[in-house]
Undergrad: 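Sending over a structure as structure tokens; questions will come in a sec.
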Protein chains: 2
Amino acid sequence: MPSTASPVSPPAPVIRVLPAPADLPEPLPEPAVRDLRLETVLGALSDPLRLRIVRKLLLESEHFDHSCGWFGLDRPKSSLTHHFKALREAGVTRQRQYGLERRSHVRVADLDARFPGLVELVAAWEPAED
Amino acid sequence: MPSTASPVSPPAPVIRVLPAPADLPEPLPEPAVRDLRLETVLGALSDPLRLRIVRKLLLESEHFDHSCGWFGLDRPKSSLTHHFKALREAGVTRQRQYGLERRSHVRVADLDARFPGLVELVAAWEPAED
DNA sequence: TGCTATGTTCGAGAAAACTCGTACTGCACT
DNA sequence: AGTGCAGTACGAGTTTTCTCGAACATAGCA
């Protein structure tokens with residue numbers, strides 16, 4: 001980071017702009033909680049790759065959003081965009097733009113409110129082996 | 001219950017073949033409990049019509065199987081066959097042949113064993129109004 | 001300025017699902 | 001035998017979804 005312009009000593013009391021809860025980027029368009037539809041959510045979760053994404057978010061990230069690359073999915077970028085968009089538009093995940101990265105997390109509270117037990121189901125899922 | 005063996009009047013001790021738990025018709029082919037896959041089950045449930053079928057079975061029939069006609073679905077017969085088959089092949093319902101009728105019920109115990117909470121989710125579903 | 005990294009949009013081909021008409025099976029009843 | 005009923009099987013048309021290449025956009029950085 002460039003200095004604020006302090007020629008001499010410890011400069012101005014620079015406010016450290018961490019990604020604090022207050023000034024997160026706006027979430028991308030998503031359905032409101034009351035518009036969540038069970039059939040749509042189940043449809044979004046009926047794909048193994050998307051199930052894997054959501055489960056990984058649930059199990060391996062409590063507090064952070066994660067960009068596409070974090071998942072280590074071996075698919076072309078446009079495929080990933082497709083699936084992340086499907087999850088977001090169904091209301092399963094929320095996405096925010098951090099600079100270039102678009103990070104996702106699961107809307108756990110919203111899903112719990114509307115479909116109690118669903119999140120646990122996904123977290124407990126075990127992918128087909130082979 | 002009929003008498004055990006009355007010597008004189010009532011002729012042969014005819015065994016009343018009611019659809020008792022013991023001699024139900026064999027279920028149609030279906031996946032075993034251990035082969036139930038969450039992604040498949042969710043896929044089967046991601047259709048509003050099928051969700052309606054399963055929910056109605058859960059809410060309005062505790063103890064009986066129901067034939068296709070019972071649901072009062074306004075669709076051609078071949079469409080219904082398609083959806084009932086989808087549910088059965090995903091492992092959501094069990095179907096038995098009673099003479100001409102093919103009756104369905106939800107595999108509640110099996111689903112509970114593999115995907116606890118899922119059945120409640122479907123029972124609580126409310127179809128989109130319009 | 002140009003390179004790299006992250007991710008989007010568009011579009012097309014392939015695969016799967018849905019819808020439903022038509023023809024068929026099998027039982028029951030007169 | 002003939003009719004009606006419950007439901008299946010097949011096949012075609014339509015729609016949706018999946019998959020992924022190609023081209024584009026933008027931020028950071030040398």
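By convention in this document, chain letters (A, B, ...) are assigned in the order of the sequence lines, proteins followed by strands, and residues within each chain are numbered from 1. The model shown is predicted, which means the values in this text are computed figures rather than measured ones.
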Undergrad: What distance do A/His105 atom NE2 and A/Leu58 atom CG have between them, rounded to the nearest 0.5 Å?
TA: 11.0 Å
Undergrad: Give every donor-acceptor pair under 3.5 Å between a side-chain atom in residues 30-53 of chain B and any protein atom, sequence neighbours left out.
TA:
residue	atom	partner	partner atom	Å
B/Glu30	OE1	B/Arg94	NE	3.1
B/Glu30	OE2	B/Arg94	NE	3.1
B/Glu30	OE2	B/Arg94	NH2	2.8
B/Arg37	NH1	B/Glu39	OE2	2.9
B/Arg37	NH2	A/Glu126	O	2.8
B/Glu39	OE1	A/Trp125	NE1	3.0
B/Ser46	OG	B/Gly43	O	2.8
B/Asp47	OD1	B/Leu49	N	2.8
B/Asp47	OD1	B/Arg50	N	3.3
B/Arg50	NE	B/Ala44	O	2.7
B/Arg50	NH1	B/His83	ND1	3.1

Undergrad: Distance under 4.0 Å to a non-hydrogen atom of chain B counts as contact; along DNA chain D, which nucleotides mark the start and end?
TA: D/dC5 to D/dA9
Undergrad: Pair A/Arg55, A/Glu60 - check side chain to side chain contact (heavy atoms under 4.5 Å, CB included), show working.
TA: CA-CA 8 Å; A/Arg55 175 167 163 275; A/Glu60 303 180 24; over 6 Å; no
Undergrad: Kindly write out the residues that satisfy ring-ring contact (aromatic ring centres under 6.0 Å, His included) with B/Phe115, not counting sequence neighbours, or none if the list is empty.
TA: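 ring-ring contact (aromatic ring centres under 6.0 Å, His included) list for B/Phe115, sorted by chain: empty.
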Undergrad: Tell me, which of residues 76-91 of chain B have any heavy atom that sits under 4.0 Å from an atom in DNA chain C?
TA: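 B/Pro76, B/Ser78, B/Ser79, B/His82, B/His83 - these, ordered by number, are the residues of the stretch whose heavy atoms sit under 4.0 Å from the strand.
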Undergrad: What verdict does the side chain to side chain contact (heavy atoms under 4.5 Å, CB included) test give for B/Leu80 and B/Phe71, after you've listed the backbone C-alpha separation in whole Å, the side-chain angles of each residue and the deciding distance to 0.1 Å?
TA: CA-CA 10 Å; B/Leu80 298 184; B/Phe71 296 88; over 6 Å; no
Undergrad: Passes side chain to side chain contact (heavy atoms under 4.5 Å, CB included), A/Arg102 versus A/Leu28? Steps please.
TA: CA-CA 9 Å; A/Arg102 184 169 287 195; A/Leu28 304 195; 3.1 Å; yes
Undergrad: Test B/Asp112 against B/Leu118 for side chain to side chain contact (heavy atoms under 4.5 Å, CB included), laying out the working first.
TA: CA-CA 7 Å; B/Asp112 272 349; B/Leu118 181 59; over 6 Å; no
Undergrad: Closer to the 5' end of DNA chain C via nearest nucleotide, is it B/Gly43 or A/Arg102?
TA: A/Arg102
Undergrad: For residues A/Val108 and A/Trp70: do they belong to one hydrophobic cluster (side chain heavy atoms under 4.5 Å, members Ile, Leu, Val, Met, Phe, Trp, Tyr)?
TA: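 In one cluster with A/Val108: A/Trp70, yes.
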Undergrad: Take the C1' atoms of the five end pairs on each side of the helix from C/dT1-D/dA30 to C/dT30-D/dA1, derive the two axes, and give their angle rounded to 10 degrees.
TA: 10°
Undergrad: Of all nucleotides in DNA chain C with an atom under 4.0 Å from a non-hydrogen atom of chain B, which is the first and which the last going 5' to 3'?
TA: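 Contacts span C/dC18 to C/dC27, reading 5' to 3'.
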Undergrad: Are there more than 12 heavy atoms of other residues, nucleotides or ligands under 6.0 Å from atom NZ of B/Lys85?
TA: no
Undergrad: Could you pull out the closest heavy-atom pair between A/Val54 and A/Leu87, with the gap in Å?
TA: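 A/Val54 and A/Leu87 have their closest heavy atoms at CG2-CD2, 3.8 Å.
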Undergrad: Ignoring hydrogens and geometry beyond distance, is a side-chain donor-acceptor pair present between B/Gln95 and B/Arg88 at under 3.5 Å?
TA: yes
